[in-house]
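Heads up, the thing below is written out as structure tokens.
Just so it is clear: chains get the letters A, B, ... in the order the sequence lines come, proteins before strands, and each one is counted from 1.
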Amino acid sequence: MLDRKFIVENVSLVKQNCAHRGVTVDIDRLVELETQRRAADQQTQELNRSANEFAQKIGKAKPEERDALKEQARALRAQKDQSQAACDELEQQILAIQLTIPNLSHPQAPIGSDDKANLELRRGEHAPRKFDFKPLDHVELGEKLDLIDFEGGARTTGHGFYFLKNEAVLLELALQRFVLGILMSEGFTPTITPDLAREEILRGIGFNPRGPETQVYIVENTDLCLVGTAEITLGGLYSGMVIDDEQLPIKLCGISHCYRTEAGAAGRATRGLYRVHQFTKVEMFAFTLPEESEAMLEYFCGLECRIFDELGIPYRVVDTATGDLGGPAYRKFDLEAWMPGRGAEGEYGEVTSTSNCTDYQARRLNIRYKKKGEKGTHFAHTLNGTAIALSRAMITVLENYQQADGSILVPAALRPWVGLDVIGPR
RNA sequence: GGAGAGGUGGCUGAGUGGUCGAAAGCGUCGGUUUGCUAAACCGAUGUACGGGUUAAACCGUACCGCAGGUUCGAAUCCUGUCCUCUCCGCCA
């Protein structure tokens, strides 16, 4: 959420940003309503002040004078209530508009309406490998080596669910442990977060659980949702808090399951593990001072690169275009890793995403910091980044490390955790 | 899941309808005293929004977990809700 005063004072900037983001919002209407609300608010405050005066007078008045005064005070309070109601009504309308306004965009973010405008920034250490045989995709590999059971997942739960089996289980745990080692050595506090969160927190992070195209599973008869990412729980962890500036930056990583309905996603590249309703993810999250957040985004992106470089997976880094940023992000970098089994001759597919959300989420979640020795508080900046999404990482490992005999070489970085050099063949 | 107790400022904790944004203590900051430290003493010390100022000062409104209600008036009474603690039950 953008600051309301900022919107009113920077109408053309906000409008232009909405246009770049491909979001239609009636900013003029918001400004008009806000002007009305301010007037109504002042009037309400003034009425309330007089009513308070009366209340005090009555306390000190002689008993025989009280009834007359009460009558007047009642009338005044009724006026105040009316004025307040008008104010509240305006507030609701303003908020409804305000919540749909996306964050500002980084001046260097490529401007464009969708992912076609995304800009490739660089590539990883490893180039895509030349196969001297026709590489299989992870679904075939998973089946041949008895590593992934999609049929069983469908039978028990439905399409988009799966069982990991045998060495795939070790591989998944090894990837988590490998990534955790890197993040802990970088000073992240590791956590395992709840997989459910209050709707209020989801909204604060920028999700709309009850929207028409929602990605979110809601638990019936509760205000809880299954989280689509630990970004939700990690951000929510500090909601409503005031943090001492000396504690910043706070770097957390969280392991959680991620649940996504993938409504409207049918027909897209959905084969196998690429787009599933449940997966596990290690997520990075940071709360920073405003002046630190841009550097933190580079740092997060650098860590994502390091993880995939050390895994030996080829990838490219993409600077996300304004129209593809989503509401909360000010700037976003994605890693797209090489998936040899994807498409006809292999394709890059998104494996991580890191965003600087500046104060957009902090304002909604009311996460502030206080500078020592200074009056007042400011909103913190929040950043999130995928350290590793296990389902998609699994695709890249299986497909990139497959061998002619049908076996999978275990990446060197994972061998200590997997306890094997090779998986299969069977 | 059942029964009970409770949520007050950075912390401890008083406050059961009016003069309470809130006693007292601790902490923190500034000052005095002091050869230094300690102690003592004096003063200051919440947040948000709005007004005001070059900037302050200052003024107004709201906030005693959160949301409602009663009342001229609510930290205080009522309802709901969230959270914490104790006991019981169940359970990995």
Side-chain angles (χ1 to χ4, degrees), chain A residues 1-9 30-95 98-99 192-204 209 218-225 232-233 235-248 250 257 290 359-380:
Chain A
M1 185 162 66
L2 293 184
D3 178 52
R4 199 173 293 177
K5 209 193 290 180
F6 178 87
I7 299 168
V8 171
E9 288 168 1
L30 183 145
V31 172
E32 183 192 329
L33 290 168
E34 174 63 6
T35 309
Q36 290 175 29
R37 190 198 63 83
R38 282 207 192 183
D41 185 54
Q42 287 229 29
Q43 190 190 322
T44 306
Q45 284 193 16
E46 179 54 28
L47 287 167
N48 206 24
R49 194 190 59 75
S50 328
N52 285 345
E53 252 174 29
F54 263 94
Q56 291 200 347
K57 238 188 269 176
I58 291 170
K60 292 170 186 157
K62 298 184 184 116
E64 63 270 22
E65 292 170 339
R66 287 195 176 187
D67 282 345
L69 286 169
K70 275 190 193 181
E71 198 49 52
Q72 293 179 58
R74 234 193 306 269
L76 209 48
R77 195 66 74 173
Q79 276 185 53
K80 177 245 155 188
D81 285 345
Q82 210 177 359
S83 177
Q84 179 80 62
C87 217
D88 291 348
E89 169 62 24
L90 286 165
E91 172 62 25
Q92 274 200 359
Q93 291 183 40
I94 294 163
L95 201 59
Q98 194 181 1
L99 287 171
I192 295 176
T193 87
D195 287 345
L196 290 91
R198 292 182 205 285
E199 216 178 302
E200 176 196 339
I201 300 291
L202 286 263
R203 289 183 190 284
I218 301 177
V219 181
E220 209 176 351
N221 299 324
T222 71
D223 65 342
L224 295 176
C225 306
I232 293 162
T233 40
L237 188 58
Y238 280 84
S239 63
M241 306 274 276
V242 180
I243 305 163
D244 287 339
D245 65 334
E246 291 157 336
Q247 289 177 38
L248 296 173
I250 294 171
H257 292 118
D359 60 359
Y360 191 89
Q361 294 175 328
R363 187 169 286 110
R364 290 183 173 216
L365 289 168
N366 193 22
I367 300 170
R368 294 171 297 157
Y369 70 91
K370 187 173 175 54
K371 277 195 174 163
K372 203 177 169 68
E374 273 185 28
K375 268 184 100 73
T377 59
H378 310 274
F379 288 110

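Separating the CG atom in A:N48 from the CG atom in A:D41 is a distance of 10.5 Å, to the nearest 0.5 Å.
For the side-chain hydrogen bond (donor to acceptor under 3.5 Å, both in side chains) test, no residue two or more places apart in sequence or in another chain qualifies with A:D245. For A:L95, the side chain to side chain contact (heavy atoms under 4.5 Å, CB included) partners at least two apart in sequence or on another chain are A:M1, A:R4, A:E91, A:Q98, A:L99.
Put simply, A:R198 has a side-chain N or O that comes within less than 4.0 Å of OP1 or OP2 on B:rC83. An OP1 or OP2 oxygen of B:rG60 is reached within less than 4.0 angstrom by no side-chain nitrogen or oxygen of A:N52. The shortest distance between the side-chain N/O atoms of A:K375 and the OP1/OP2 oxygens of B:rU47 is below 4.0 Å. Between A:R77 and B:rG73 there is a side-chain N or O to OP1 or OP2 distance below 4.0 Å. Look at A:T377 and you'll find a side-chain N or O under 4.0 angstrom from OP1 or OP2 of B:rA48. Under 4.0 angstrom from either OP1 or OP2 of B:rG60 there lies no side-chain N or O belonging to A:N48.
Residue-to-nucleotide contacts include a donor-acceptor pair under 3.5 Å from the side chain of A:Q45 to the base of B:rG60.
To the nearest angstrom, C1' of B:rU28 lies 7 Å from NZ of A:K372.
Counting any heavy atom pair closer than 4.0 Å across all strands shown, A:K5 reaches sugar-phosphate atoms only and no base atom.
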